[in-house]
Amino acid sequence: MAFKAFPAATGSGNTVFEGDVLNGYTTPDGKKVRLQFYGNDRGYTAAAYLTDHEGAKALLQELESLAASNLERGGIFSAESNNKNFRLSREFESSPLILFLNGNDRMQGRTFHRGDAAAMQKVLEEFKKVIQTIDDVVAGKGPGAEPE
């Protein structure tokens, strides 16, 4: 599925975004953001982060930092991100990487994404699209905004 963003059908003014890995919404002012990462490991599960615009950016930076120092790492390892929202590991020699997503929503707290470095880069790229969408919405340029 291609990434898309659109105004919520409820008339709330929120913007909904949907992708292969990451779905959610933002309020027009960016004060409420829901990021819902879907796992590709062990069925249809999701980890949700309830945050705001700046918190979403901080989560992206945290994940980028973890990926930068560990995506190309070989062997068996386990590395946790600075604020423990993410963990990247490899359980066996030459096995796929496992990204643990530790959400802050008690109902949807954890999921896993398994794959090689390219699969993890796809998660990062989609997350960057989400942040750009939130940036645009807060700036008044999001989907459904009136043209200038």
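Numbers here simply count residues along the sequence, with the first being 1. Just so it is clear, the values below take in all heavy atoms, side chains as well, and ignore hydrogens, waters and symmetry mates.
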Item checked: Set of salt bridge (charged side-chain N to carboxylate O under 4.0 Å, His left out) partners for Lys128, sequence neighbours left out -> Glu64, Glu125
Notebook entry, point to check: Does some side-chain heavy atom of Thr10 sit less than 4.5 Å from a side-chain heavy atom of Asn14?
Noted result: no
Next item on the list: Go through Phe6 and Phe17 one step at a time and tell me if the ring-ring contact (aromatic ring centres under 6.0 Å, His included) criterion holds.
Entry: CA-CA 7 Å; Phe6 51 90; Phe17 41 86; 9.4 Å; no
Notebook entry, point to check: What are the two closest non-hydrogen atoms of Pro7 and Pro143, and how far apart are they?
Noted result: CG-O, 3.7 Å
Notebook entry, point to check: Below 4.5 Å, heavy atoms only, C-beta onward: do Ile98 and Phe100 meet side chain to side chain?
Noted result: yes
Item checked: Asn102 backbone acceptor or donor facing Tyr49 side chain under 3.5 Å -> yes
Next item on the list: Output yes when a side-chain donor or acceptor of Thr27 lies under 3.5 Å from a complementary backbone atom of Lys32, and no otherwise.
Entry: yes
Notebook entry, point to check: Roughly how far, to the nearest 0.5 Å, is the CD atom of Gln36 from the CG atom of Leu50?
Noted result: 9.5 Å
Next item on the list: Report yes or no: do Leu60 and Tyr25 belong to one cluster of Ile/Leu/Val/Met/Phe/Trp/Tyr joined by side chain heavy-atom distances under 4.5 Å?
Entry: no
Note to self: Test side chain to side chain contact (heavy atoms under 4.5 Å, CB included) on Lys122 and Asp20; report intermediate values, then the result.
What the structure shows: CA-CA 9 Å; Lys122 183 179 177 183; Asp20 291 327; 3.1 Å; yes
Checklist line | Shortest non-hydrogen separation from Ala67 to Leu124 and the atoms involved | finding: CB-CD1, 3.6 Å
Checklist line | In one Ile/Leu/Val/Met/Phe/Trp/Tyr side-chain cluster, 4.5 Å: Phe127, Leu71 | finding: yes
Check: Does Ala118 offer a backbone N or O that forms a donor-acceptor pair with the side chain of Asp116 under 3.5 Å?
Finding: yes
Check: Applying the 4.5 Å side-chain criterion to the ILVMFWY set and letting contacts propagate, would Phe3 and Val137 be lumped into a single cluster?
Finding: no
Next item on the list: Find the distance between CG (Leu35) and CG (Asp105) and round it off to the nearest 0.5 Å.
Entry: 11.5 Å
Next item on the list: Please check if Val123 and Leu66 belong to a single hydrophobic cluster, counting links between Ile, Leu, Val, Met, Phe, Trp and Tyr side chain heavy atoms closer than 4.5 Å.
Entry: yes
Note to self: As an exercise, state the distance from CG of Leu22 to CD of Glu126, rounded to the nearest 0.5 Å.
What the structure shows: 5.5 Å
Note to self: Show the nearest heavy-atom pair for residues Gly13 and Pro28, with the distance to one decimal.
What the structure shows: O-CG, 3.1 Å
Check: In Å, rounded to the nearest 0.5 Å, how long is the span from CG of Leu63 to CZ of Phe86?
Finding: 5.0 Å
Next item on the list: For Thr15 and Ala5, work out which heavy atoms get closest and say how close.
Entry: CG2-CB, 4.3 Å
Notebook entry, point to check: Could you state the interatomic distance from CG (Leu59) to CZ (Phe37), rounded to the nearest 0.5 Å?
Noted result: 7.0 Å
Notebook entry, point to check: Could you give the distance from CZ (Arg87) to CG (Leu101), rounded to the nearest 0.5 Å?
Noted result: 11.0 Å
Item checked: Whether Ser69 side chain and Ser65 backbone form a donor-acceptor pair below 3.5 Å -> yes
Check: Does the Ser89 side chain pair with the main chain of Glu91, one donor and one acceptor, at a distance under 3.5 Å?
Finding: no
Check: Using a distance-only test with no angle check, is there a side-chain donor-acceptor pair under 3.5 angstrom linking Glu18 and Asn23?
Finding: no
Margin query: Cation-pi check for Phe77 against Arg90: NZ or CZ below 6.0 Å from the six-membered ring centre and within 45 degrees of the axis, yes or no?
Written below: no
Item checked: Flag for Asp29-His53: side-chain donor and acceptor within less than 3.5 Å -> no
Note to self: Looking at Asp135 and Lys141, is there a salt bridge between them, counting it only when a charged N and a carboxylate O are closer than 4.0 Å?
What the structure shows: no
Check: Is Met120 reachable from Val21 through a run of hydrophobic residues whose side-chain heavy atoms are each under 4.5 Å from the next?
Finding: yes
Check: What heavy-atom pair brings Glu72 and Ala117 nearest, and what distance separates the two atoms?
Finding: OE2-CB, 3.6 Å
